[in-house]
J.: 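Below are the structure tokens for one structure; questions will follow.
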Amino acid sequence: AASPALQAFEAQLRAAECASRQARAFSNPDLLFEAEDFGGDESLAITSQRTLSLSQSIEWFGKRSARIGAAERGRDVAARDLERLRRDLLAEVDRAFATLLGAQERLAIAEQNAETAREVTGAVQSLVEAGEASPVEAARAESDEALTSIDLGSAGRDLDLARRSLASLLGDVVPAFSAAAGSLAATVPLPDRDVALARLAELPDLTRWDAEIARQTALVTYARRHALPDLTLTVGTRSFAGIAGRKWVAGLALPIPLFTQFDGARGEAGARRQQAGFERSAEDLRVRTELLSAYSALSRALDEVHVLRDEVLPRAEKVYDALNEGYRRGKFRLLDLLETRRTLAQTRLRYVDALVRLNLANADLQRLMPDPANDNYGVDR
């Protein structure tokens, strides 16, 4: 509701609705007053006269209906543009929200890694003090702890950027929230690809071009009929100086299409209708490509999340727990423990990255999947 871009398109729609109403209006009549044969040479025995008349332009049949049709289609184009922008904005909010959730997860992992590194450093120092470990191992542990502190700072900055990015979409310069409440979806239904492709024609991205083609077609009709001259009808009354009574006057005016027959206007209208058709084809190709790309990305992300969650991550945690316990008992080297801890941290981060990619791909795919029977995307979410 606070998006300036959305508000701009809402104003554009109101303007198109006003233009549609205005297109239905008839032209106003002209009130004309004329005075003839007054003043000048008094030797001329000519009576001055005054004429008061109304002049009304009468459009050629079909012009008004074509103009109204073009204005109504323009209103339809504005409505589709607003719907398209709303879906774009909500998809962008979905992506920003998923990115923020991912940044929060990465920060939590970084904090856990930093805490683990401090525990390892403390344990190594205890072993060194007891003479069971070399001071070199303590230095290695301290270096690893310093690296986790750097990672923690980077994760905090990434989180702040993600918060600001989401806040900007809500119309806030400074975030009014401290955190995003929720969790990244670990699984989402994968729709049928052919069904999704078949529904693309219902997207506002394409229906706005259907409306634009209809608008240009109406403008072509209007340009053709605009070449026909409008008739101007004039009626009025005339009075004469010094003579009681009045006379009626009437006239017809018809422009002579001598210097222009609006060939350029008709040619321009036809070319713009062709342009709209080509742009509709280009938009159809674009959304099909984006849908297939999002579908493929979502499919890959689902597979990756499944493998990381069910196989890789449990094994990495099991290996780290075993090495950590073994190191405390002197069975493994510190280098092995640190390498295992890094592997576990990288695996957790990769799992979060996979979840973020899954949610981003799902947001992209849902943006391109309208459901006319129950399309709440952009309304009540």
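What's counted below: heavy atoms across the whole structure, side chains too, no hydrogens, waters or symmetry copies.
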J.: Kindly say whether A139 contributes a backbone atom to a donor-acceptor pair with the side chain of S143 at under 3.5 angstrom?
T.: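 Pair found, side chain donor or acceptor close to backbone of A139.
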J.: Tell me if the CZ atom of R64 is crowded by more than 12 foreign heavy atoms within 6.0 Å.
T.: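 More than 12 heavy atoms, drawn from other residues, nucleotides or ligands, come within 6.0 Å of this atom.
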J.: Which atom pairs, donor and acceptor, lie under 3.5 Å between side-chain atoms of residues 307-325 and protein residues at least two apart or in another chain?
T.:
unit_1 : atom_1 : unit_2 : atom_2 : d
D310   : OD2    : H306   : ND1    : 2.9
E325   : OE2    : R329   : NE     : 3.1
E325   : OE2    : R329   : NH2    : 3.3

J.: Regarding S154 and R157, do their side chains bring together a donor and an acceptor under 3.5 Å, going by distance alone?
T.: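 Yes - a donor-acceptor pair under 3.5 Å links their side chains.
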J.: Does a side chain donor of either E129 or Q125 reach within less than 3.5 Å of an acceptor in the other side chain?
T.: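 E129 vs Q125: no donor-acceptor pair found between side chains.
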J.: How close do L184 and L355 get, heavy atom to heavy atom, and via which atoms?
T.: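 Minimum heavy-atom separation between L184 and L355: CD1-CB, 3.8 Å.
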J.: Mind checking the OG-CD spacing from S183 to Q104? Nearest 0.5 Å is all I need.
T.: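 The distance works out to 10.5 Å.
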J.: Is the backbone N or O of D353 less than 3.5 Å from a side-chain atom of R106, with the two atoms forming a donor-acceptor pair by type?
T.: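 Flag not set: sc R106 to bb D353 has no pair under 3.5 Å.
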J.: Could you list the donor-acceptor pairs under 3.5 angstrom formed between side-chain atoms of residues 168-179 and any protein atom two or more places apart in sequence or on another chain?
T.:
unit_1 : atom_1 : unit_2 : atom_2 : d
S168   : OG     : S165   : O      : 2.6

J.: What verdict does the side chain to side chain donor-acceptor pair (under 3.5 Å) test give for T121 and R118, after you've listed the backbone C-alpha separation in whole Å, the side-chain angles of each residue and the deciding distance to 0.1 Å?
T.: CA-CA 5 Å; T121 300; R118 285 192 293 270; over 6 Å; no
J.: Using a 4.5 Å cut-off between side-chain heavy atoms of Ile, Leu, Val, Met, Phe, Trp and Tyr, which other residues end up in the same hydrophobic cluster as W209?
T.: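 Besides W209, the cluster holds no residue at all.
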J.: Check E92 with R95, please: is the shortest side-chain N to carboxylate O separation under 4.0 Å?
T.: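 No.
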J.: Looking at R286 and E283, is any side-chain nitrogen of the basic one under 4.0 Å from a carboxylate oxygen of the acidic one?
T.: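 Salt bridge present between E283 and R286.
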J.: Hey, what do you get for CG (D94) to CG (L89), rounding to the nearest 0.5 Å?
T.: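 The distance works out to 10.0 Å.
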J.: Please check: side-chain N/O of S296 versus main-chain N/O of L292, any donor-acceptor pairing under 3.5 Å?
T.: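 Side chain of S296 to backbone of L292: no pair is present.
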J.: Can we say R67 and E59 salt-bridge, meaning some charged N sits less than 4.0 Å from an Asp/Glu carboxylate O?
T.: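 Salt bridge flag = yes for E59 with R67.
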J.: Do any side-chain atoms of residues 219-227 form donor-acceptor pairs under 3.5 angstrom with protein atoms, and if so which ones, sequence neighbours left out?
T.:
unit_1 : atom_1 : unit_2 : atom_2 : d
T221   : OG1    : T217   : O      : 3.2
R225   : NH1    : G62    : O      : 3.0

J.: Hey, are R288 and D284 close enough for a salt bridge, meaning a charged N less than 4.0 Å from a carboxylate O?
T.: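 Answer for the salt bridge query: yes.
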J.: Does the pair E290/R367 count as a salt bridge with the N-to-O cut at 4.0 Å?
T.: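 No, no charged N to carboxylate O under 4.0 Å.
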J.: Quick test of your reading of the model: are D210 and R80 salt-bridged, counting only N-O distances below 4.0 Å?
T.: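 Looking at D210 and R80, the cut-off is not met.
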J.: Can you confirm whether more than 12 heavy atoms, excluding those of R193, are under 6.0 Å from its CZ atom?
T.: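 Open.
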J.: For F97, enumerate each residue passing the ring-ring contact (aromatic ring centres under 6.0 Å, His included) test, keeping only those at least two apart in sequence or located in another chain.
T.: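 Partners of F97 by the ring-ring contact (aromatic ring centres under 6.0 Å, His included) criterion come out as none, since no residue qualifies.
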J.: Between L231 and L54, is there a shared hydrophobic cluster once you connect ILVMFWY residues whose side-chain heavy atoms come closer than 4.5 Å?
T.: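 As far as the 4.5 Å side-chain criterion goes, L54 and L231 are not connected within one cluster.
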J.: Please report the interatomic distance CD(E279) to CD1(I213), rounded to the nearest 0.5 Å.
T.: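 Between E279 CD and I213 CD1, I get 9.5 Å after rounding to 0.5 Å.
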J.: List the steps and the verdict of salt bridge (Lys or Arg N to Asp or Glu O under 4.0 Å) for R164 and D160.
T.: CA-CA 6 Å; R164 291 182 181 275; D160 183 65; 3.2 Å; yes
J.: Tell me which donor-acceptor pairs under 3.5 Å the side chains of residues 11-33 have, and how far apart each pair is, sequence neighbours excluded?
T.:
unit_1 : atom_1 : unit_2 : atom_2 : d
R24    : NH2    : E72    : OE2    : 2.2
S27    : OG     : Q56    : NE2    : 3.2

